[in-house]
There are 2 protein chains.
Amino acid sequence: MNNNRDFIEKLRSSGLRPTKQRLEICKLLFDRKKTFHFTISDLSKILKKETIKKISLATIYNTVHSFKKKGYLKEISIDTEKTYFDTNTSNHHHFLDISTNELIDLKEDDVDNIKIKKNLPGKKIRSIEVLVKIENNN
Amino acid sequence: MNNNRDFIEKLRSSGLRPTKQRLEICKLLFDRKKTFHFTISDLSKILKKETIKKISLATIYNTVHSFKKKGYLKEISIDTEKTYFDTNTSNHHHFLDISTNELIDLKEDDVDNIKIKKNLPGKKIRSIEVLVKIENNN
DNA sequence: CAGTACTTTAGAATCATTATAAATTACATC
DNA sequence: GATGTAATTTATAATGATTCTAAAGTACTG
Ligand SMILES: [Mn+2]
Ligand SMILES: [Mn+2]
Ligand SMILES: [Zn+2]
Ligand SMILES: [Zn+2]
């Protein structure tokens, strides 16, 4: 879906030099059909497997944080034990499967419009996000 | 609303000895009208102010975790920077005021019934929780 | 190519949390 | 009320994820 040229462009256009390391990480994170939810540790393990030359852990942290700062990743609070990042940076809802610990995006249409009846004077709503915990049926 | 006798009973009935330290912390956490959302650091600061004899940080951690295990507290994922606990242990929704960083419980009635249209085969819903971020109006 | 700012890196520092193990306390039994 | 035992508290050390540092390497500009 995305090729290297696209990523080089994407990085350059946001003032980040397209280094080998950043391009590897872009390919891994953004060259997918479905949203990717990951921890630094997940990412680190995958990179270790799939990459010829080792990328240092500091670089992985640096890259993820600069991608977050540029708006290419979103940090999400799902689990108090782990810090997750999300390649879907829009406001959106999640299924969290507590049997498998898998996190799945819900589409706009998957959740009926949510109406908040309470409102606080002087305050307006910035975002609404739903976390639906699911588990095995039996 | 609650007096010491109630807390002693509550602790005993769940197999926890009613120590001075636990009773202090009970009073601080549970003797309130409104839900209390806090971090260990918040709790620690308040205890430092309001308590004659110092309660060690290890005890604060131990107590909060045993209260959580007994179901008197719930750990919530709101912010990736901080770990919050909640004296409201039911499934419920929150306002997070990003102008003041204040966390407020929403009542059942404050949010219209949420309908999840998608369902995964073999999975059932365990809980649905909404986080509504609000901010100053202007 | 040369100069410069940006980036990567290994390793050190930080800090929240957990573990350890000794001293203290709660409580059952006498 | 004294005694024995297990639970609890405590100071302190250990852990582990994340951030910092500063030196070496790289990308880009002219
Ligand atoms: Mn925890
Ligand atoms: Mn972070
Ligand atoms: Zn997502
Ligand atoms: Zn709450």
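Quick note on labels: first sequence line is chain A, next is B, and so on, each numbered from 1.
Distance A:Lys82 NZ to C:dT17 P: 18 Å, rounded to the nearest Å. Between B:Glu24 atom CD and D:dT10 atom P the separation is 11 Å, expressed in whole Å. Here D:dT10 presents its P atom at 11 Å from CG of B:Leu47, a figure rounded to the nearest Å. In this structure, the CD1 atom of A:Ile25 is 11 Å from the C1' atom of C:dT8, given to the nearest Å. Counting to the nearest Å, the C1' atom of D:dT26 and the CZ atom of A:Arg12 are 13 Å from each other. Atom NZ in B:Lys69 sits about 11 Å away from atom P in D:dT8, given to the nearest Å. The interatomic distance linking B:Leu11 (CG) with C:dA26 (C1') rounds to 13 Å, in whole Å. Atom CG in B:Asn62 sits about 17 Å away from atom P in C:dT25, given to the nearest Å.
Side-chain N/O atoms of A:Thr83 include one lying less than 4.0 angstrom from OP1 or OP2 on D:dT18. In this structure, A:Arg17 does not reach the C:dA5 phosphate: none of its side-chain N or O atoms is under 4.0 Å from OP1 or OP2. Within the 4.0 Å cut-off from OP1 or OP2 of D:dA7, not a single side-chain nitrogen or oxygen of B:Arg22 is found. Of the side-chain N and O atoms in A:Tyr61, none sit less than 4.0 angstrom from OP1 or OP2 of D:dT19. At least one side-chain nitrogen or oxygen of A:Lys53 sits closer than 4.0 Å to the OP1 or OP2 atom of C:dT9. Within the structure, every side-chain polar atom (N or O) of A:Gln21 is placed at least 4.0 Å from both OP1 and OP2 of D:dT26. A close approach under 4.0 Å does occur between a side-chain nitrogen or oxygen of B:Ser56 and OP1 or OP2 of D:dT10. The side chain of A:Lys20 places no N or O atom within less than 4.0 Å of a non-bridging phosphate oxygen (OP1 or OP2) of D:dG25. The phosphate of D:dT19 (OP1 or OP2) has a side-chain N or O of A:His65 nearer than 4.0 angstrom. OP1 and OP2 of D:dA7 both lie 4.0 Å or more from every side-chain N or O belonging to B:Thr19.
Using a 4.0 Å heavy-atom criterion, one finds that A:Lys54 contacts the sugar-phosphate atoms exclusively.
B:Phe67 has its ring centre less than 6.0 Å from the ring centre of B:Phe30.
Taking the centre and axis of the six-membered ring of B:Phe85, the NZ or CZ atom of B:Lys74 falls outside the cone set by 45° and 6.0 Å. In this structure, A:Lys123 fails the cation-pi test against B:Phe95, since its NZ or CZ atom is not both closer than 6.0 Å to the six-membered ring centre and inside 45 degrees of the ring normal.
A search for side-chain contact (heavy atoms from CB on, under 4.5 Å) contacts involving A:Ser77 returns B:Ser77, B:Thr80, not counting sequence neighbours.
Taking only side-chain atoms of B:Leu57, from C-beta outward, the nucleotide of D:dT9, D:dT18, C:dT17 with the closest atom is C:dT17. Side-chain proximity of B:Ile55 to C:dC27, D:dA11, D:dT10: nearest is D:dT10.
Between B:Pro18 and B:Ile40, the one whose closest nucleotide on DNA chain C sits nearer the 5' end is B:Ile40. If B:Ser41 and B:Leu16 are placed on DNA chain C by their nearest nucleotide, the residue sitting closer to the 5' end is B:Ser41.
Side-chain atoms of A:Ser56 and A:Thr59 include a donor-acceptor pair closer than 3.5 Å. B:Thr39 and B:Asp42 form a side-chain donor-acceptor contact under 3.5 Å, judged by distance and modelled atom types alone. Side-chain contact annotation: A:Ser66 with A:Thr63, donor-acceptor N/O pair under 3.5 Å absent.
With respect to the salt-bridge test (charged N to carboxylate O, under 4.0 angstrom), the residues B:Lys117 and A:Asp109 do not qualify.
When the C1' atoms of four end pairs are superposed on the next four at each end of the helix from C:dC1-D:dG30 to C:dC30-D:dG1, using five pairs per end, the two resulting axes differ in direction by 30°, to 10°.
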